[in-house]
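Residue numbers start from 1 in every chain, and the chains themselves are labelled A, B, ... in the order their sequence lines are given, proteins ahead of strands.
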Protein chains: 2
Amino acid sequence: MNYSVSEENYLKTIFHLQKKEGTVTTNELAAELKTRPASVTDMMKKLKTKKLLHYQPYQGFRLTADGSKVALGIIRRHRLWEYFLAEKLNFTWDEVHEVAEELEHVSNKKLIDKLDAYLGYPKNDPHGDPIPDASGKIEQGKKIRLQDAPLQIPCRVAGVRNQSPGMLELLAHKKIRIGTILEIRQKFDFDHSLEVKTGKQQIITISRQLAENLLVTHED
Amino acid sequence: MNYSVSEENYLKTIFHLQKKEGTVTTNELAAELKTRPASVTDMMKKLKTKKLLHYQPYQGFRLTADGSKVALGIIRRHRLWEYFLAEKLNFTWDEVHEVAEELEHVSNKKLIDKLDAYLGYPKNDPHGDPIPDASGKIEQGKKIRLQDAPLQIPCRVAGVRNQSPGMLELLAHKKIRIGTILEIRQKFDFDHSLEVKTGKQQIITISRQLAENLLVTHED
DNA sequence: AACATAATTTAGATTTGTCTAAATAATTTT
DNA sequence: AAAATTATTTAGACAAATCTAAATTATGTT
Ligand SMILES: [Mn+2]
Ligand SMILES: [Mn+2]
Ligand SMILES: [Mn+2]
Ligand SMILES: [Mn+2]
(Lines give C-alpha, C1' and ligand atoms only; values in the text may rest on other atoms or scores of the structure.)
(Ligands and ions follow the chains in the order given, each with its own letter.)
Protein backbone atom coordinates (compact mmCIF):
# COMPACT_ATOMS: atom_id res chain seq x y z
CA MET A 1 0.00 0.00 0.00
CA ASN A 2 3.01 2.29 0.26
CA TYR A 3 5.18 3.09 -2.70
CA SER A 4 8.69 4.44 -3.10
CA VAL A 5 9.35 7.88 -4.58
CA SER A 6 10.65 6.16 -7.67
CA GLU A 7 7.63 3.92 -8.09
CA GLU A 8 5.36 6.92 -7.63
CA ASN A 9 7.16 8.95 -10.26
CA TYR A 10 6.85 6.08 -12.72
CA LEU A 11 3.16 5.56 -11.98
CA LYS A 12 2.30 9.21 -12.33
CA THR A 13 4.22 9.59 -15.57
CA ILE A 14 2.66 6.49 -17.11
CA PHE A 15 -0.76 7.85 -16.19
CA HIS A 16 -0.10 11.10 -18.03
CA LEU A 17 1.47 9.46 -21.08
CA GLN A 18 -1.27 6.89 -21.53
CA LYS A 19 -3.88 9.63 -21.71
CA LYS A 20 -2.41 10.77 -25.00
CA GLU A 21 -2.22 7.29 -26.51
CA GLY A 22 -3.67 4.13 -25.06
CA THR A 23 -0.34 2.50 -24.39
CA VAL A 24 3.10 3.66 -23.27
CA THR A 25 6.44 2.51 -24.65
CA THR A 26 9.76 1.93 -22.95
CA ASN A 27 11.66 4.68 -24.75
CA GLU A 28 8.88 7.20 -24.28
CA LEU A 29 8.84 6.67 -20.55
CA ALA A 30 12.63 6.66 -20.30
CA ALA A 31 12.78 10.01 -22.09
CA GLU A 32 10.09 11.53 -19.90
CA LEU A 33 11.71 10.36 -16.66
CA LYS A 34 15.23 11.14 -17.83
CA THR A 35 16.40 7.63 -17.21
CA ARG A 36 17.53 4.70 -19.39
CA PRO A 37 15.32 2.19 -21.19
CA ALA A 38 16.93 -0.66 -19.25
CA SER A 39 15.89 0.97 -15.98
CA VAL A 40 12.34 1.31 -17.26
CA THR A 41 12.16 -2.38 -18.08
CA ASP A 42 13.36 -3.23 -14.59
CA MET A 43 10.70 -1.08 -13.00
CA MET A 44 7.96 -2.37 -15.30
CA LYS A 45 8.64 -5.89 -14.07
CA LYS A 46 8.35 -4.74 -10.52
CA LEU A 47 5.14 -2.79 -11.04
CA LYS A 48 3.70 -5.77 -12.86
CA THR A 49 4.33 -8.11 -9.94
CA LYS A 50 2.57 -5.55 -7.77
CA LYS A 51 -0.40 -5.70 -10.15
CA LEU A 52 -0.25 -2.00 -10.89
CA LEU A 53 0.59 -2.49 -14.55
CA HIS A 54 -0.41 -4.54 -17.57
CA TYR A 55 2.84 -5.53 -19.23
CA GLN A 56 4.05 -8.20 -21.64
CA PRO A 57 7.62 -7.89 -22.97
CA TYR A 58 7.84 -5.80 -26.15
CA GLN A 59 4.14 -4.92 -25.93
CA GLY A 60 4.20 -1.60 -24.12
CA PHE A 61 2.26 -1.08 -20.91
CA ARG A 62 -0.67 0.63 -19.25
CA LEU A 63 -1.86 0.93 -15.69
CA THR A 64 -4.33 -1.49 -14.13
CA ALA A 65 -7.34 -0.08 -12.29
CA ASP A 66 -5.27 -0.30 -9.09
CA GLY A 67 -2.36 1.47 -10.77
CA SER A 68 -4.59 4.30 -11.96
CA LYS A 69 -6.00 4.73 -8.50
CA VAL A 70 -2.52 5.10 -7.03
CA ALA A 71 -1.55 7.53 -9.80
CA LEU A 72 -4.63 9.67 -9.18
CA GLY A 73 -3.70 9.88 -5.52
CA ILE A 74 -0.27 11.21 -6.44
CA ILE A 75 -1.77 13.69 -8.90
CA ARG A 76 -4.21 14.86 -6.24
CA ARG A 77 -1.35 15.54 -3.84
CA HIS A 78 0.70 17.25 -6.52
CA ARG A 79 -2.05 19.61 -7.59
CA LEU A 80 -3.26 20.44 -4.10
CA TRP A 81 0.27 21.42 -3.14
CA GLU A 82 0.61 23.49 -6.32
CA TYR A 83 -2.58 25.31 -5.39
CA PHE A 84 -1.32 25.88 -1.86
CA LEU A 85 2.02 27.20 -3.08
CA ALA A 86 0.45 29.60 -5.55
CA GLU A 87 -2.50 30.69 -3.46
CA LYS A 88 -1.06 30.83 0.06
CA LEU A 89 2.69 31.19 -0.36
CA ASN A 90 2.63 33.49 -3.38
CA PHE A 91 4.71 31.33 -5.65
CA THR A 92 4.26 32.12 -9.32
CA TRP A 93 2.62 29.43 -11.39
CA ASP A 94 5.83 28.51 -13.17
CA GLU A 95 7.63 27.84 -9.85
CA VAL A 96 5.10 25.56 -8.21
CA HIS A 97 5.63 22.42 -10.23
CA GLU A 98 9.19 21.75 -9.13
CA VAL A 99 8.35 22.04 -5.44
CA ALA A 100 5.15 19.99 -5.77
CA GLU A 101 7.24 17.30 -7.42
CA GLU A 102 8.75 16.64 -3.99
CA LEU A 103 5.78 17.38 -1.75
CA GLU A 104 3.58 14.94 -3.69
CA HIS A 105 5.49 12.03 -2.16
CA VAL A 106 4.42 12.78 1.39
CA SER A 107 1.49 10.41 1.37
CA ASN A 108 -0.38 10.91 4.60
CA LYS A 109 -4.08 10.78 3.79
CA LYS A 110 -5.17 12.88 6.72
CA LEU A 111 -2.67 15.57 5.75
CA ILE A 112 -3.96 15.77 2.20
CA ASP A 113 -7.63 15.74 3.12
CA LYS A 114 -7.10 18.45 5.71
CA LEU A 115 -5.09 20.48 3.24
CA ASP A 116 -7.91 20.10 0.73
CA ALA A 117 -10.44 21.38 3.26
CA TYR A 118 -8.16 24.24 4.30
CA LEU A 119 -7.84 25.34 0.69
CA GLY A 120 -11.61 25.20 0.23
CA TYR A 121 -11.71 22.13 -2.01
CA PRO A 122 -10.25 23.79 -5.09
CA LYS A 123 -11.29 22.28 -8.42
CA ASN A 124 -8.23 23.22 -10.45
CA ASP A 125 -4.54 23.74 -9.89
CA PRO A 126 -2.73 26.94 -10.96
CA HIS A 127 -2.22 25.51 -14.45
CA GLY A 128 -5.94 24.89 -14.82
CA ASP A 129 -5.64 21.13 -14.41
CA PRO A 130 -8.41 19.44 -12.44
CA ILE A 131 -7.70 18.19 -8.91
CA PRO A 132 -8.98 14.67 -8.15
CA ASP A 133 -11.20 14.49 -5.07
CA ALA A 134 -10.51 12.31 -2.02
CA SER A 135 -11.99 9.28 -3.77
CA GLY A 136 -9.86 9.81 -6.87
CA LYS A 137 -12.61 11.18 -9.07
CA ILE A 138 -11.46 13.82 -11.53
CA GLU A 139 -13.60 16.49 -13.13
CA GLN A 140 -12.82 16.59 -16.81
CA GLY A 141 -13.70 20.01 -18.17
CA LYS A 142 -13.37 19.31 -21.90
CA LYS A 143 -10.26 21.25 -22.77
CA ILE A 144 -9.52 21.99 -26.38
CA ARG A 145 -6.74 23.83 -28.07
CA LEU A 146 -7.49 27.47 -28.76
CA GLN A 147 -6.80 26.63 -32.39
CA ASP A 148 -9.81 24.32 -32.42
CA ALA A 149 -12.18 26.64 -30.58
CA PRO A 150 -15.15 28.08 -32.45
CA LEU A 151 -15.17 31.67 -33.76
CA GLN A 152 -16.98 34.47 -31.96
CA ILE A 153 -17.58 32.37 -28.86
CA PRO A 154 -15.93 33.49 -25.63
CA CYS A 155 -13.81 30.80 -23.98
CA ARG A 156 -11.63 30.63 -20.91
CA VAL A 157 -7.95 29.77 -20.77
CA ALA A 158 -7.78 26.58 -18.73
CA GLY A 159 -4.24 25.37 -19.23
CA VAL A 160 -1.14 25.16 -21.34
CA ARG A 161 0.33 22.12 -23.07
CA ASN A 162 3.84 23.46 -22.78
CA GLN A 163 5.47 25.21 -19.90
CA SER A 164 8.72 26.32 -21.43
CA PRO A 165 10.13 29.60 -20.15
CA GLY A 166 9.70 31.06 -23.62
CA MET A 167 6.02 30.22 -23.65
CA LEU A 168 5.49 31.63 -20.19
CA GLU A 169 7.35 34.79 -21.13
CA LEU A 170 5.13 35.25 -24.15
CA LEU A 171 1.97 34.69 -22.14
CA ALA A 172 3.10 37.17 -19.53
CA HIS A 173 3.80 39.72 -22.24
CA LYS A 174 0.38 39.25 -23.81
CA LYS A 175 -1.19 39.25 -20.32
CA ILE A 176 -2.78 35.87 -20.79
CA ARG A 177 -3.29 33.75 -17.67
CA ILE A 178 -5.40 30.86 -16.46
CA GLY A 179 -8.93 32.19 -16.43
CA THR A 180 -8.40 34.83 -19.10
CA ILE A 181 -11.37 35.06 -21.45
CA LEU A 182 -10.61 34.96 -25.16
CA GLU A 183 -12.83 35.18 -28.22
CA ILE A 184 -11.56 34.35 -31.69
CA ARG A 185 -12.46 37.06 -34.19
CA GLN A 186 -10.75 35.72 -37.25
CA LYS A 187 -8.52 32.85 -38.43
CA PHE A 188 -5.92 33.44 -41.12
CA ASP A 189 -5.19 30.47 -43.34
CA PHE A 190 -1.89 31.81 -44.57
CA ASP A 191 0.00 31.42 -41.26
CA HIS A 192 -2.79 29.98 -39.10
CA SER A 193 -2.57 32.96 -36.82
CA LEU A 194 -5.61 34.13 -34.91
CA GLU A 195 -7.01 37.55 -34.20
CA VAL A 196 -8.46 37.36 -30.71
CA LYS A 197 -10.40 39.68 -28.48
CA THR A 198 -9.52 39.52 -24.81
CA GLY A 199 -11.87 39.93 -21.89
CA LYS A 200 -10.62 43.49 -21.66
CA GLN A 201 -11.71 44.12 -25.23
CA GLN A 202 -8.22 44.34 -26.59
CA ILE A 203 -7.48 42.84 -29.98
CA ILE A 204 -4.33 40.73 -30.07
CA THR A 205 -2.68 38.34 -32.48
CA ILE A 206 -1.89 34.79 -31.47
CA SER A 207 0.46 32.68 -33.57
CA ARG A 208 -0.18 29.12 -34.63
CA GLN A 209 2.44 27.83 -32.19
CA LEU A 210 0.83 29.62 -29.29
CA ALA A 211 -2.71 28.65 -30.30
CA GLU A 212 -1.69 25.00 -30.38
CA ASN A 213 -0.42 25.18 -26.85
CA LEU A 214 -3.21 27.13 -25.20
CA LEU A 215 -6.02 25.02 -23.78
CA VAL A 216 -9.45 26.55 -23.34
CA THR A 217 -12.86 25.50 -22.11
CA HIS A 218 -16.27 26.85 -22.99
CA GLU A 219 -17.09 29.86 -20.92
CA ASP A 220 -20.13 29.43 -18.74
CA MET B 1 24.92 20.40 -0.30
CA ASN B 2 22.00 17.99 -0.61
CA TYR B 3 21.52 15.12 1.76
CA SER B 4 19.51 11.91 1.63
CA VAL B 5 16.53 11.33 3.90
CA SER B 6 18.63 8.84 5.82
CA GLU B 7 21.56 11.20 6.27
CA GLU B 8 19.18 13.91 7.43
CA ASN B 9 17.54 11.68 10.00
CA TYR B 10 20.95 10.74 11.39
CA LEU B 11 22.13 14.36 11.52
CA LYS B 12 19.01 15.58 13.25
CA THR B 13 19.05 12.79 15.80
CA ILE B 14 22.71 13.28 16.61
CA PHE B 15 22.03 16.98 17.12
CA HIS B 16 19.31 16.24 19.66
CA LEU B 17 21.25 13.52 21.47
CA GLN B 18 24.44 15.53 21.77
CA LYS B 19 22.54 18.30 23.51
CA LYS B 20 21.88 15.97 26.42
CA GLU B 21 25.47 14.88 26.73
CA GLY B 22 28.41 16.25 24.85
CA THR B 23 28.99 13.13 22.80
CA VAL B 24 26.81 10.46 21.24
CA THR B 25 27.44 6.72 21.24
CA THR B 26 26.77 4.10 18.61
CA ASN B 27 24.20 2.14 20.60
CA GLU B 28 22.37 5.24 21.72
CA LEU B 29 21.95 6.42 18.17
CA ALA B 30 20.99 2.96 16.93
CA ALA B 31 18.28 2.72 19.58
CA GLU B 32 16.92 6.17 18.78
CA LEU B 33 16.80 5.54 15.04
CA LYS B 34 15.55 1.97 15.40
CA THR B 35 18.41 0.58 13.41
CA ARG B 36 21.44 -1.59 14.16
CA PRO B 37 24.77 -0.49 15.60
CA ALA B 38 26.57 -1.77 12.50
CA SER B 39 24.43 0.49 10.33
CA VAL B 40 25.28 3.44 12.54
CA THR B 41 28.99 2.80 12.19
CA ASP B 42 28.61 2.68 8.40
CA MET B 43 26.81 6.00 8.35
CA MET B 44 29.26 7.62 10.76
CA LYS B 45 32.07 6.86 8.35
CA LYS B 46 30.16 8.46 5.55
CA LEU B 47 29.22 11.58 7.50
CA LYS B 48 32.82 11.89 8.58
CA THR B 49 34.12 11.90 5.02
CA LYS B 50 31.55 14.61 4.30
CA LYS B 51 33.03 16.59 7.20
CA LEU B 52 29.72 16.76 9.03
CA LEU B 53 30.93 14.74 11.99
CA HIS B 54 33.86 14.40 14.36
CA TYR B 55 34.44 10.68 14.71
CA GLN B 56 37.28 8.40 15.79
CA PRO B 57 36.50 4.68 16.17
CA TYR B 58 35.29 3.76 19.67
CA GLN B 59 35.28 7.43 20.70
CA GLY B 60 31.69 8.41 20.06
CA PHE B 61 30.84 11.32 17.79
CA ARG B 62 29.51 14.84 17.60
CA LEU B 63 28.61 17.16 14.76
CA THR B 64 31.05 19.60 13.24
CA ALA B 65 29.96 23.22 12.79
CA ASP B 66 28.86 22.29 9.27
CA GLY B 67 26.94 19.29 10.58
CA SER B 68 25.14 21.42 13.16
CA LYS B 69 24.19 23.91 10.52
CA VAL B 70 22.62 21.21 8.39
CA ALA B 71 20.84 19.77 11.43
CA LEU B 72 19.43 23.16 12.36
CA GLY B 73 18.05 23.50 8.85
CA ILE B 74 16.21 20.20 9.23
CA ILE B 75 14.91 21.18 12.66
CA ARG B 76 13.71 24.50 11.24
CA ARG B 77 11.75 22.71 8.54
CA HIS B 78 10.36 20.17 11.00
CA ARG B 79 9.11 22.76 13.44
CA LEU B 80 7.69 25.12 10.84
CA TRP B 81 5.66 22.29 9.37
CA GLU B 82 4.52 21.28 12.84
CA TYR B 83 3.32 24.83 13.39
CA PHE B 84 1.57 24.85 10.04
CA LEU B 85 -0.16 21.54 10.71
CA ALA B 86 -1.37 22.58 14.14
CA GLU B 87 -2.24 26.18 13.35
CA LYS B 88 -3.65 25.99 9.83
CA LEU B 89 -4.76 22.40 9.34
CA ASN B 90 -6.11 21.82 12.85
CA PHE B 91 -3.98 18.83 13.68
CA THR B 92 -3.64 18.17 17.39
CA TRP B 93 -0.20 18.63 18.89
CA ASP B 94 0.38 14.91 19.30
CA GLU B 95 -0.33 14.22 15.61
CA VAL B 96 1.99 16.77 14.05
CA HIS B 97 5.34 15.16 14.74
CA GLU B 98 4.81 12.07 12.61
CA VAL B 99 3.77 14.09 9.56
CA ALA B 100 6.54 16.67 10.01
CA GLU B 101 8.98 13.78 10.12
CA GLU B 102 8.33 13.38 6.39
CA LEU B 103 7.76 16.99 5.36
CA GLU B 104 11.08 18.05 6.92
CA HIS B 105 12.94 16.32 4.09
CA VAL B 106 11.57 18.59 1.38
CA SER B 107 14.49 20.96 1.40
CA ASN B 108 13.64 23.83 -0.89
CA LYS B 109 14.85 27.00 0.77
CA LYS B 110 12.37 29.29 -0.93
CA LEU B 111 9.52 27.03 0.16
CA ILE B 112 10.57 27.12 3.79
CA ASP B 113 11.24 30.84 3.91
CA LYS B 114 7.90 31.61 2.27
CA LEU B 115 6.18 29.21 4.65
CA ASP B 116 7.87 30.99 7.55
CA ALA B 117 6.62 34.35 6.30
CA TYR B 118 3.11 32.99 5.69
CA LEU B 119 2.96 31.69 9.25
CA GLY B 120 4.12 35.05 10.59
CA TYR B 121 7.62 33.98 11.67
CA PRO B 122 6.52 31.88 14.62
CA LYS B 123 9.05 31.55 17.43
CA ASN B 124 7.98 28.18 18.80
CA ASP B 125 6.45 24.97 17.50
CA PRO B 126 3.31 23.42 19.05
CA HIS B 127 5.47 21.62 21.62
CA GLY B 128 7.03 24.89 22.74
CA ASP B 129 10.36 24.19 21.09
CA PRO B 130 12.04 27.17 19.44
CA ILE B 131 12.13 27.41 15.65
CA PRO B 132 15.54 28.32 14.16
CA ASP B 133 15.43 31.35 11.86
CA ALA B 134 16.52 31.34 8.22
CA SER B 135 20.15 31.72 9.23
CA GLY B 136 19.97 28.82 11.68
CA LYS B 137 19.91 30.92 14.80
CA ILE B 138 17.82 29.50 17.60
CA GLU B 139 16.25 31.58 20.35
CA GLN B 140 17.15 30.32 23.77
CA GLY B 141 14.45 30.63 26.38
CA LYS B 142 15.03 32.89 29.38
CA LYS B 143 16.65 31.54 32.47
CA ILE B 144 14.51 30.64 35.44
CA ARG B 145 15.31 29.02 38.76
CA LEU B 146 14.98 25.25 38.74
CA GLN B 147 12.57 25.71 41.59
CA ASP B 148 10.21 27.56 39.26
CA ALA B 149 10.50 25.16 36.33
CA PRO B 150 7.47 23.09 35.33
CA LEU B 151 7.18 19.44 36.26
CA GLN B 152 7.88 16.64 33.77
CA ILE B 153 9.41 19.02 31.24
CA PRO B 154 13.08 18.57 30.45
CA CYS B 155 15.11 21.71 30.98
CA ARG B 156 18.76 22.59 30.61
CA VAL B 157 21.11 23.96 33.24
CA ALA B 158 22.14 27.36 31.94
CA GLY B 159 23.83 28.98 34.93
CA VAL B 160 24.13 29.37 38.68
CA ARG B 161 23.24 32.35 40.88
CA ASN B 162 25.89 31.56 43.39
CA GLN B 163 29.39 30.37 42.86
CA SER B 164 30.51 29.55 46.33
CA PRO B 165 32.96 26.65 46.65
CA GLY B 166 30.37 24.69 48.58
CA MET B 167 27.85 25.02 45.77
CA LEU B 168 30.37 24.03 43.14
CA GLU B 169 31.46 21.06 45.19
CA LEU B 170 27.87 19.91 45.49
CA LEU B 171 27.27 20.32 41.76
CA ALA B 172 30.41 18.37 40.95
CA HIS B 173 29.33 15.61 43.29
CA LYS B 174 25.88 15.37 41.70
CA LYS B 175 27.50 15.59 38.27
CA ILE B 176 25.49 18.65 37.29
CA ARG B 177 27.10 21.08 34.83
CA ILE B 178 26.05 23.76 32.39
CA GLY B 179 24.14 21.94 29.69
CA THR B 180 22.96 19.06 31.88
CA ILE B 181 19.35 18.15 31.23
CA LEU B 182 17.07 17.90 34.24
CA GLU B 183 13.43 17.00 34.52
CA ILE B 184 11.52 17.56 37.73
CA ARG B 185 9.59 14.46 38.70
CA GLN B 186 8.10 15.62 41.97
CA LYS B 187 8.11 18.57 44.34
CA PHE B 188 7.86 17.95 48.08
CA ASP B 189 6.10 20.66 50.02
CA PHE B 190 7.53 19.62 53.36
CA ASP B 191 11.10 20.67 52.64
CA HIS B 192 10.71 22.07 49.11
CA SER B 193 13.12 19.47 47.83
CA LEU B 194 12.84 18.17 44.29
CA GLU B 195 13.12 14.70 42.87
CA VAL B 196 14.80 15.18 39.51
CA LYS B 197 15.65 12.90 36.60
CA THR B 198 18.94 13.65 34.87
CA GLY B 199 19.71 13.31 31.19
CA LYS B 200 21.33 10.01 32.04
CA GLN B 201 18.08 8.79 33.56
CA GLN B 202 19.34 8.90 37.11
CA ILE B 203 16.98 10.03 39.83
CA ILE B 204 18.54 12.49 42.24
CA THR B 205 17.30 14.74 45.01
CA ILE B 206 17.90 18.48 44.90
CA SER B 207 17.41 20.59 48.01
CA ARG B 208 15.55 23.87 48.15
CA GLN B 209 18.79 25.78 48.56
CA LEU B 210 20.27 24.22 45.46
CA ALA B 211 17.08 24.56 43.39
CA GLU B 212 17.00 28.28 44.15
CA ASN B 213 20.48 28.75 42.80
CA LEU B 214 20.32 26.67 39.66
CA LEU B 215 19.21 28.51 36.52
CA VAL B 216 17.63 26.54 33.73
CA THR B 217 16.12 27.20 30.32
CA HIS B 218 13.45 25.36 28.48
CA GLU B 219 15.16 22.51 26.62
CA ASP B 220 16.12 23.39 23.02
C1' DA C 1 12.10 -12.65 -48.03
C1' DA C 2 16.32 -10.72 -46.63
C1' DC C 3 18.59 -7.01 -44.68
C1' DA C 4 19.07 -2.94 -41.99
C1' DT C 5 17.55 -0.28 -38.30
C1' DA C 6 15.21 0.70 -34.18
C1' DA C 7 13.22 -0.75 -29.80
C1' DT C 8 13.46 -3.56 -26.00
C1' DT C 9 15.31 -6.78 -22.85
C1' DT C 10 19.07 -9.23 -20.48
C1' DA C 11 23.50 -9.64 -18.14
C1' DG C 12 26.42 -7.90 -15.13
C1' DA C 13 28.14 -3.93 -12.40
C1' DT C 14 27.57 0.05 -9.07
C1' DT C 15 25.77 2.91 -5.20
C1' DT C 16 23.12 3.46 -1.06
C1' DG C 17 21.46 1.80 3.03
C1' DT C 18 20.54 -1.91 5.56
C1' DC C 19 21.31 -6.48 7.99
C1' DT C 20 23.58 -10.77 10.65
C1' DA C 21 27.41 -12.92 12.52
C1' DA C 22 31.99 -12.72 13.90
C1' DA C 23 35.98 -10.18 15.51
C1' DT C 24 37.93 -6.73 18.27
C1' DA C 25 38.21 -3.09 21.74
C1' DA C 26 36.70 -1.01 26.03
C1' DT C 27 34.75 -1.37 30.49
C1' DT C 28 33.31 -3.59 34.65
C1' DT C 29 33.55 -7.25 37.95
C1' DT C 30 35.82 -10.48 40.53
C1' DA D 1 45.38 -8.36 36.80
C1' DA D 2 42.49 -11.63 34.79
C1' DA D 3 38.02 -12.76 33.51
C1' DA D 4 33.55 -11.56 32.12
C1' DT D 5 30.62 -8.47 30.02
C1' DT D 6 29.36 -4.83 26.98
C1' DA D 7 30.15 -1.75 23.10
C1' DT D 8 31.78 -1.13 18.70
C1' DT D 9 33.63 -2.29 14.35
C1' DT D 10 34.46 -5.38 10.42
C1' DA D 11 33.25 -8.77 6.97
C1' DG D 12 30.19 -10.33 3.97
C1' DA D 13 25.46 -10.44 2.22
C1' DC D 14 21.15 -8.40 0.33
C1' DA D 15 17.43 -5.35 -1.79
C1' DA D 16 16.42 -1.17 -4.42
C1' DA D 17 17.38 1.62 -8.17
C1' DT D 18 20.27 2.77 -11.43
C1' DC D 19 23.76 2.23 -15.34
C1' DT D 20 26.54 0.30 -19.73
C1' DA D 21 27.16 -2.99 -23.12
C1' DA D 22 25.54 -6.88 -25.41
C1' DA D 23 21.82 -9.83 -27.00
C1' DT D 24 17.34 -10.27 -28.69
C1' DT D 25 13.00 -9.03 -30.85
C1' DA D 26 10.24 -6.08 -33.78
C1' DT D 27 9.73 -3.06 -37.63
C1' DG D 28 10.72 -0.90 -42.01
C1' DT D 29 12.97 -1.01 -46.59
C1' DT D 30 14.53 -2.76 -50.62
MN1 LIG E 1 7.88 13.47 -7.94
MN1 LIG F 1 0.01 21.53 -12.38
MN1 LIG G 1 12.55 12.44 9.17
MN1 LIG H 1 8.07 19.64 17.92
Side-chain angles (χ1 to χ4, degrees), chain A residues 1-14 17-18 20-63 67 70 74 101-102 104-105 107, chain B residues 1-14 17-18 20-63 67 70 74 101-102 104-105 107 175 200-202:
Chain A
M1 284 291 172
N2 239 28
Y3 303 99
S4 72
V5 169
S6 202
E7 287 171 328
E8 288 192 346
N9 283 334
Y10 274 92
L11 289 169
K12 191 185 65 166
T13 304
I14 294 166
L17 288 176
Q18 76 181 11
K20 318 210 175 209
E21 322 183 17
T23 175
V24 183
T25 68
T26 304
N27 276 356
E28 225 180 337
L29 188 48
E32 190 73 19
L33 286 170
K34 287 170 179 144
T35 185
R36 296 298 181 166
S39 309
V40 171
T41 301
D42 288 344
M43 182 61 87
M44 294 308 97
K45 287 179 189 166
K46 200 209 308 191
L47 295 180
K48 184 186 177 166
T49 71
K50 296 195 178 186
K51 297 196 191 302
L52 298 170
L53 200 68
H54 297 292
Y55 166 60
Q56 293 300 102
Y58 297 101
Q59 303 281 118
F61 23 82
R62 57 182 216 289
L63 299 178
V70 175
I74 302 159
E101 204 54 50
E102 297 193 49
E104 70 187 359
H105 302 292
S107 59
Chain B
M1 285 289 173
N2 240 27
Y3 303 99
S4 71
V5 168
S6 202
E7 287 171 328
E8 290 192 345
N9 284 334
Y10 273 92
L11 289 169
K12 191 185 64 166
T13 305
I14 294 166
L17 287 176
Q18 78 180 10
K20 317 215 175 209
E21 323 182 18
T23 174
V24 183
T25 68
T26 304
N27 276 357
E28 227 181 336
L29 188 48
E32 191 72 20
L33 287 170
K34 290 174 175 135
T35 184
R36 297 297 181 167
S39 308
V40 170
T41 300
D42 288 344
M43 183 61 87
M44 294 309 96
K45 288 180 189 166
K46 203 212 303 192
L47 295 180
K48 184 186 177 165
T49 72
K50 295 195 178 185
K51 296 195 192 302
L52 298 170
L53 199 68
H54 297 292
Y55 166 60
Q56 292 300 104
Y58 298 101
Q59 303 281 119
F61 23 84
R62 58 181 213 289
L63 298 178
V70 175
I74 303 160
E101 204 54 49
E102 297 192 49
E104 69 187 0
H105 302 292
S107 58
K175 298 199 171 63
K200 287 175 179 154
Q201 308 299 324
Q202 286 175 313

For atom [atom1] of [X] and atom [atom2] of [N], their distance in whole Å:
| X | N | atom1 | atom2 | answer |
| --- | --- | --- | --- | --- |
| A/Met43 | D/dA16 | CE | C1' | 8 Å |
| B/Glu7 | C/dT15 | CD | P | 15 Å |
| B/Lys48 | D/dT8 | NZ | C1' | 15 Å |

Can you list the residues that meet the side chain to side chain donor-acceptor pair (under 3.5 Å) rule with [X], with sequence neighbours excluded?
| X | result |
| --- | --- |
| A/Lys48 | A/Gln56 |
| A/Glu102 | none |
| B/Thr13 | none |
| B/Lys51 | none |

Practice item. Would you sort out whether A/Val40 and A/Glu28 count as a side-chain contact (heavy atoms from CB on, under 4.5 Å), showing the intermediate values? Key: CA-CA 10 Å; A/Val40 171; A/Glu28 225 180 337; over 6 Å; no

What N/O pairs connect the protein and nucleotides 8-10 of chain C at under 3.5 Å? Give each pair on its own line.
residue, atom, partner, partner atom, Å
C/dT8, OP2, A/Asn27, N, 2.9
C/dT9, OP1, A/Tyr55, OH, 2.5
C/dT9, OP1, A/Tyr58, N, 2.9
C/dT9, OP2, A/Thr26, OG1, 3.0
C/dT9, OP2, A/Thr41, OG1, 2.8
C/dT9, O4', A/Tyr58, OH, 3.4
C/dT10, OP2, A/Lys45, NZ, 2.8

Check your understanding: Residues two or more places apart in sequence or in another chain: which of them pass ring pair (Phe, Tyr, Trp, His ring centres under 6.0 Å) with A/Tyr55?
Key ->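 So A/Tyr55 forms a ring pair (Phe, Tyr, Trp, His ring centres under 6.0 Å) with A/Phe61.
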
Check your understanding: A/Ser6 side chain N/O closer than 4.0 Å to the phosphate oxygens (OP1, OP2) of D/dA16?
Key ->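 Looking at the OP1 and OP2 atoms of D/dA16, neither is under 4.0 Å from any side-chain N or O of A/Ser6.
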
